[in-house]
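Reading through the structure tokens given below for one structure.
No hydrogens, no waters, no symmetry mates; every other heavy atom, side chains included, goes into these values.
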Amino acid sequence: MSFRTNRFGGAEVVPFPRRTPSAPASETRLPVLIVLHQESSTPGRVGNALRALGHRLDIRRPRFGDPLPETLDRHAGAVVFGGPMSANDSDDYIRREIDWIEIPLREQRPFLGICLGAQMLAMQLGARVAPHAQALTQIGYYPIRPTAAGHALCPDWPAQVYHWHREGFELPRGAELLAEGDDFPNQAFRTGNAFGLQFHPDVTYAMMHCWTTRGYDGLSAPGARERHHHFADRAVYDAAERAWLDHFIDGWLAHRPVLAQAAE
């Protein structure tokens with residue numbers, strides 16, 4: 001059964017605060033649910049940022065039979081990562097993941113979708129996910145422009161961010177656009193405590209080597225950057241993207257219901 005809904009949009013944007021957790025508080029923080037889509041996938045830099053804040057990672061791979069929780073009462077939030085599959089695929093685990101996103105939406109828990117995860121969030125909210133009309137891709141670094149809402153929520157966005165996708169998403173009804181791009185105009189959005197990012201701030205240097213080697217065929221797709229540009233651009237843009245991610249993750253987890261905060 002699907003629970004797609006758009007009931008959680010339109011909330012007022014409040015700037016992300018900065019938190020500096022004390023050591024005792026860090027030791028008792030709830031884990032963060034991590035949803036990955038390949039056997040070799042890791043939460044990368046997002047996982048590093050969450051661990052630095054004192055959160056354990058509860059890693060699940062529904063594609064390989066791991067169940068997803070019926071409530072996020074025992075989690076500080078949930079992150080659904082990317083993968084080579086499409087949110088439009090008919091595989092059972094894809095359908096189940098999209099439907100499951102109703103739980104963090106209903107419970108107003110912090111939810112973050114990255115690339116495929118953002119597209120799943122958009123579909124749960126009733127928006128369309130589709131390839132570019134001219135079959136363009138974004139594979140490499142591309143410019144991003146925060147909207148006024150995005151800048152107010154989290155300042156100091158990087159000028160360019162890392163991408164690896166062939167599809168994009170419509171902005172769900174009631175959602176707030178936080179950042180936009182050129183060929184794929186919707187790059188980041190928010191609805192309630194749920195956020196979707198089309199780009200990949202999670203990618204580490206090692207992950208980039210892996211992706212550009214195993215996914216080498218994708219580098220010849222229309223719009224894709226050549227492999228050497230990935231590393232040259234990383235030297236220019238990565239420090240700003242890493243700093244932005246640390247601030248974003250900290251503020252994202254601070255946006256949760258009072259009951260969830262009390263549970264920690």
Taking all atoms of both residues into account, what is the closest heavy-atom pair of [X] and [Y], and its distance?
X	Y	answer
Ser40	Arg214	OG-NH1, 3.4 Å
Asp73	Arg109	OD1-NH2, 2.9 Å
Ile144	Pro146	O-CD, 4.0 Å
Ala87	Ile98	O-CD1, 3.6 Å

**Message:** Is the ring pair Trp164/His230 parallel, tilted or perpendicular, if the boundaries are 30 and 60 degrees?
**Reply:**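 Rings of Trp164 and His230: perpendicular, over 60°.
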
**Contacts of type salt bridge (Lys or Arg N to Asp or Glu O under 4.0 Å), residue Asp217, not counting sequence neighbours** =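 Not a single residue meets the salt bridge (Lys or Arg N to Asp or Glu O under 4.0 Å) criterion with Asp217.
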
Contact between [X] and [Y] at the side-chain level, heavy atoms closer than 4.5 Å - yes or no?
X	Y	answer
Val32	His75	no
His55	Pro31	no
Glu167	Thr137	no
Leu121	Val80	no
Pro43	Leu57	yes
Val35	Glu97	yes
Leu33	Pro69	yes
Asn193	Trp252	no

ring-ring contact (aromatic ring centres under 6.0 Å, His included) against [X], all qualifying residues, sequence neighbours excluded:
X	result
Phe184	His132, His165
Phe169	Phe189
Phe199	Trp244

**Prompt:** Are Phe195 and Phe248 close enough, and set up right, to give a ring-ring contact (aromatic ring centres under 6.0 Å, His included), and what steps lead you there?
**Reply:** CA-CA 10 Å; Phe195 294 80; Phe248 176 87; 5.5 Å; yes

**Prompt:** Is there a donor-acceptor pair under 3.5 Å between the side chain of Asp89 and the backbone N or O of Ser86?
**Reply:**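 Checked: pair present.
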
Salt bridge check, [Y] against [X]: does any charged N sit closer than 4.0 Å to a carboxylate O?
X	Y	result
Asp238	Arg45	yes
Asp182	Arg145	yes
Arg60	Asp58	yes

**Prompt:** Do Gln187 and Gln138 have a side chain donor and acceptor closer than 3.5 Å?
**Reply:**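 Yes, Gln138 and Gln187 have a side-chain donor paired with an acceptor closer than 3.5 Å.
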
**Message:** Would you say that more than 12 heavy atoms from the other residues, nucleotides or ligands in this model lie under 6.0 Å from the CZ of Arg96, or not?
**Reply:**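 Result for CZ/Arg96: enclosed.
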
**Item:** Pairing residues for Thr42 by the side-chain hydrogen bond (donor to acceptor under 3.5 Å, both in side chains) criterion, not counting sequence neighbours
**Value:**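 In terms of side-chain hydrogen bond (donor to acceptor under 3.5 Å, both in side chains), with neighbours along the sequence ignored, Thr42 is linked to no residue.
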
Report, one line per pair, each donor and acceptor closer than 3.5 Å where one atom sits in a side chain of residues 203-210; sequence neighbours left out.
unit_1 : atom_1 : unit_2 : atom_2 : d
Thr204 : OG1    : Met207 : N      : 3.1
Tyr205 : OH     : His209 : NE2    : 3.3

**Message:** If the test is side chain to side chain contact (heavy atoms under 4.5 Å, CB included), which one of Ile34, Leu36, Ile59 qualifies with Ser41?
**Reply:**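 By the side chain to side chain contact (heavy atoms under 4.5 Å, CB included) criterion, Ser41 pairs with just one of Ile34, Leu36, Ile59: Leu36.
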
**Asked** Taking the six-membered ring for Trp, is the centroid-to-centroid distance between Tyr142 and His163 below 6.0 Å?
**Response**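 Yes, they do, as the ring centres are separated by less than 6.0 Å.
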
